Protein chains: 2
Amino acid sequence: MKLAEAKQQFIASWGAFGTHWGINRTMAQVHALLMISADPLSQDDMMQALSISRGNVNMNIRELIDWRLVDRVIIPGERKEYFTAEKDIWKVATQIIRERKKRELDPMLKLLDQLQDVEGDKKDKNVKQFTDTIGGIKRFGQQADKMLDVLVKADENWFVGSLVKFFK
Amino acid sequence: MKLAEAKQQFIASWGAFGTHWGINRTMAQVHALLMISADPLSQDDMMQALSISRGNVNMNIRELIDWRLVDRVIIPGERKEYFTAEKDIWKVATQIIRERKKRELDPMLKLLDQLQDVEGDKKDKNVKQFTDTIGGIKRFGQQADKMLDVLVKADENWFVGSLVKFFK
DNA sequence: CTGAATTTTCAAAACTTATTGAAAAATTCT
DNA sequence: AGAATTTTTCAATAAGTTTTGAAAATTCAG
């Protein structure tokens, strides 16, 4: 397979993959493009490569920067801004976990806390089923929360090394 | 807080949460409703509880069954079908992992294999960046794949117990 | 087998989200 | 400072997704 074709396929698939995980297709594609580009790209480069509008590139790039997956790069002597993506997939993954935890898991746990104490007879099976379910999700979420905290602070080598032993 | 109000809040939040993870809001809400219901519900019950149409309930229930998160229940003497959800959140989580792995991770790994061998000079930095990135993602994905396999087959108590030690 | 109850399907409509592109703002050069 | 270039914004529009609801299919009791 030719490089250009392989690139296109990867970008398309990464985009489709993203949509299954609640990520805007174009944002995932911009990310994919930057991950496989040896050099930083300008917004014009991306418009070109993905056949999308200037506004679209701009919005998605800014969101990727907000997720800390992409950085602005200044190239001396160039007027335009350029962008690169973090290419170490371990760092990419931990960063995504970090953000989603902050944006989604933490608020969910806060809500579950509030829902925990409903008025009413603890003997009523409807009350009981509700509090049991909420309690179960809360405990699970807290466990996940702790685990992800450690994971995200860990070094890849330590982690993979330890996992090998753990999951023999 | 009153039970009815707490239920509504949970259903709404679970729905919103789902949309951030590529899951149809209504499907997540139906799932939430069944998880906090002490008894099995009919399609009419769900239409009522969520103010949605019959077709909508039907489609989403069938998808939840397809994900093996919900089961049909026959109540003797009743003409209607009833439905219950798995309420053990550990089982829910491992089942979701199982399905997403099958539907998304496995195909992605298969694609990365194909993209691995592009024609061209390995010294060309463009070729190199591409194969390095793809290779990195592939290795990471394979590691995750193995890990999730073990996780999904594990028993919750074993898992949590071991993790506590692991993540001290 | 008949007819009532229930479930399923799916085209059309409603809703949601993403994209465009031109205008405004900001930046940088001379 | 003024002009040229680049970036950002955002209202309008397009594209994509979900929902409805009525018709068709299926199931079941008598």
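Protein chains get the first letters and strands the later ones, always in sequence-line order, with residue 1 at the start of each. Treat the numbers as computed from the prediction; the structure is a model and nothing was measured.
- Side-chain N/O atoms of T26(A) include one lying less than 4.0 angstrom from OP1 or OP2 on dT19(C).
- Straight-line distance from the CG atom of N56(A) to the C1' atom of dT9(D): 14 Å, rounded to whole Å.
- Distances shown here put every side-chain N or O of R25(A) at or beyond 4.0 Å from the OP1 or OP2 atom of dA15(D).
- Closest to the side chain of S53(A), out of dT9(C), dT19(C), dT8(C), is dT19(C).
- Closest to the N60(B) side chain, of the nucleotides dT8(C), dT19(D), dT9(D), is dT19(D).
- Computed from coordinates, the E63(A) CD to dT9(D) P distance equals 13 Å when rounded to whole Å.
- Side-chain contact between F17(B) and L111(A) is absent, with no heavy atoms from C-beta onward closer than 4.5 Å.
- One atom, CD1 of I74(A), and another, P of dT27(C), lie 12 Å apart when rounded to the nearest Å.
- A close approach under 4.0 Å does not occur between any side-chain nitrogen or oxygen of N58(B) and OP1 or OP2 of dG21(D).
- Between F140(B) and W90(A), the ring-plane angle classifies as perpendicular under the 30° and 60° cut-offs.
- Comparing dT8(D), dT19(D), dC10(D) by their closest approach to the side chain of R62(A) singles out dT8(D).
- With rounding to whole Å, I65(B) atom CD1 is found 12 Å from dT8(C) atom C1'.
- Under 4.0 Å is where a charged nitrogen must lie from a carboxylate oxygen, and between D121(A) and K128(A) no such pair does.
- The CD1 atom of I61(B) sits 17 Å away from the C1' atom of dT9(C) (whole-angstrom rounding).
- One N or O on the side chain of R100(A) and one on the backbone of H20(B) form a donor-acceptor pair closer than 3.5 Å.
- Atom CD of Q43(A) and atom C1' of dT9(D) are 12 Å apart (whole Å).
- Both Y82(A) and S51(B) lie near DNA chain D, and the one whose nearest nucleotide falls closer to the 5' end is Y82(A).
- Atom-to-atom, CZ of F83(A) to C1' of dT6(D) comes out at 11 Å; the value is rounded to the nearest Å.
- Checking dT7(D), dA18(C), dT7(C) against the side-chain heavy atoms of E81(B) singles out dT7(C) as nearest.
- R79(B) contributes no side-chain N or O that forms a donor-acceptor pair with the base of dT6(C) under 3.5 Å.
- In this structure, the CG atom of L50(A) is 13 Å from the C1' atom of dT19(C), given to the nearest Å.
- Neither side chain, R139(B) nor Q142(B), offers a donor N or O lying under 3.5 Å from an acceptor on the other.
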